[in-house]
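Just below is one structure, and these are the notes that go with it.
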Amino acid sequence: MASKLVQLQSKAAQASQFVAKHGGAYYRQLLEQNKQYIQEPPTVEKCNLLSKQLFYTRLASTPGRQEAFRKELDYVKHLWKNRQELKVEDAGIAALFGIECFAWFCAGEIIGRGFTFTGYYV
């Protein structure tokens, strides 16, 4: 156990030295590559303004998203009414989609439990 700690400390020291040596250059390069996204002047007030703009822009897009959701819901209702005309291929795709959603739910649960299959640590 002590040897692992020494290894970890040496790796951390190496990483720290690397960041100290190359971190500033990486930071400058990153800012240069993305300068079109930087707002001038970079102040707290400008950040507050941008956060308000983002919030109200998303709020303004709500009716469009609701309309798209209604169209999708109407399409599903139409499919349900005419389910006798539904092809086996479409039903199979829907079943695979449902299985995938369930699998992602299970993966999230396992991750949320700290990567255990049996339950939560108590």
Side-chain angles (χ1 to χ4, degrees):
M1 184 70 176
S3 66
K4 295 277 186 189
L5 184 60
V6 171
Q7 284 179 337
L8 182 62
Q9 285 175 338
S10 76
K11 292 279 187 189
Q14 288 174 355
S16 177
Q17 289 172 354
F18 181 81
V19 169
K21 186 175 181 183
H22 301 289
Y26 176 73
Y27 177 74
R28 285 188 294 280
Q29 178 188 9
L30 187 66
L31 287 179
E32 183 62 33
Q33 288 175 345
N34 296 296
K35 65 183 173 186
Q36 71 269 19
Y37 303 115
I38 298 173
Q39 294 291 316
E40 293 295 335
T43 61
V44 173
E45 291 81 17
K46 189 68 170 179
C47 289
N48 289 336
L49 174 68
L50 289 172
S51 67
K52 283 184 181 181
Q53 286 176 343
L54 176 64
F55 174 76
Y56 287 110
T57 301
R58 290 206 174 167
L59 193 62
S61 71
T62 302
R65 287 186 279 156
Q66 286 177 343
E67 184 61 33
F69 176 72
R70 285 190 189 105
K71 286 180 183 178
E72 289 286 332
L73 191 60
D74 289 340
Y75 178 71
V76 170
K77 286 179 184 177
H78 174 74
L79 281 178
W80 186 252
K81 276 186 202 175
N82 301 324
R83 63 183 174 268
Q84 291 80 16
E85 300 168 9
L86 192 63
K87 294 184 242 167
V88 173
E89 178 183 335
D90 294 335
I93 290 171
L96 284 175
F97 178 73
I99 291 169
E100 182 182 1
C101 289
F102 180 72
W104 280 111
F105 168 78
C106 290
E109 281 290 309
I110 291 168
I111 291 168
R113 290 185 200 135
F115 297 97
T116 64
F117 291 100
T118 56
Y120 294 98
Y121 295 123
V122 179

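Reckoned from all heavy atoms, side chains included, excluding hydrogens, waters and symmetry mates. Computed from a predicted model, the values in this text were never measured in an experiment.
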### Task
State, to 0.1 Å, how close Lys46 and Glu40 come at their nearest heavy-atom pair, and which atoms those are.
CE-O, 4.1 Å
### Output field: ring centroids Phe18/His22 closer than 6.0 Å
yes
## Note on the structure
All heavy atoms of Gln36 vs all of Gln33, minimum pair found to be OE1-O, 3.4 Å
### From Asn82, Val88, Asp90, residue fulfilling side-chain contact (heavy atoms from CB on, under 4.5 Å) relative to Leu86
Asp90
### Query
Between OG of Ser61 and CD of Gln66, what distance do you get to the nearest 0.5 Å?
9.5 Å
### Query
Could you go step by step and tell me if Asn48 and Lys52 meet the side chain to side chain contact (heavy atoms under 4.5 Å, CB included) rule?
CA-CA 6 Å; Asn48 289 336; Lys52 283 184 181 181; 5.6 Å; no
### Query
How many angstroms lie between atom OG of Ser10 and atom CG of Leu5, to the nearest 0.5 angstrom?
10.0 Å
### Query
Nearest 0.5 Å, what's the OG1-CD1 distance between Thr116 and Ile111?
11.5 Å
### Task
Test salt bridge (Lys or Arg N to Asp or Glu O under 4.0 Å) on Arg28 and Glu32 and set out the steps.
CA-CA 6 Å; Arg28 285 188 294 280; Glu32 183 62 33; over 6 Å; no
### Message
Counting C-beta onward and ignoring hydrogens, is there a side-chain heavy-atom pair between Phe102 and Ile99 closer than 4.5 Å?
### Response
no
### Query
For the atom pair CD (Gln29) and CG (Asn34), what is the distance rounded to the nearest 0.5 Å?
10.0 Å
### Task
State, yes or no, whether a side-chain contact exists between Leu49 and Gln53 at a heavy-atom distance under 4.5 Å.
yes
### Query
Can you tell if the side chain of Arg58 reaches within under 4.5 Å of the side chain of Leu54, non-hydrogen atoms only?
yes
### Query
Once you round to the nearest 0.5 Å, how far does NZ of Lys77 lie from CZ of Arg70?
10.5 Å
### Whether over 12 other heavy atoms sit under 6.0 Å from Gln14 CD
yes
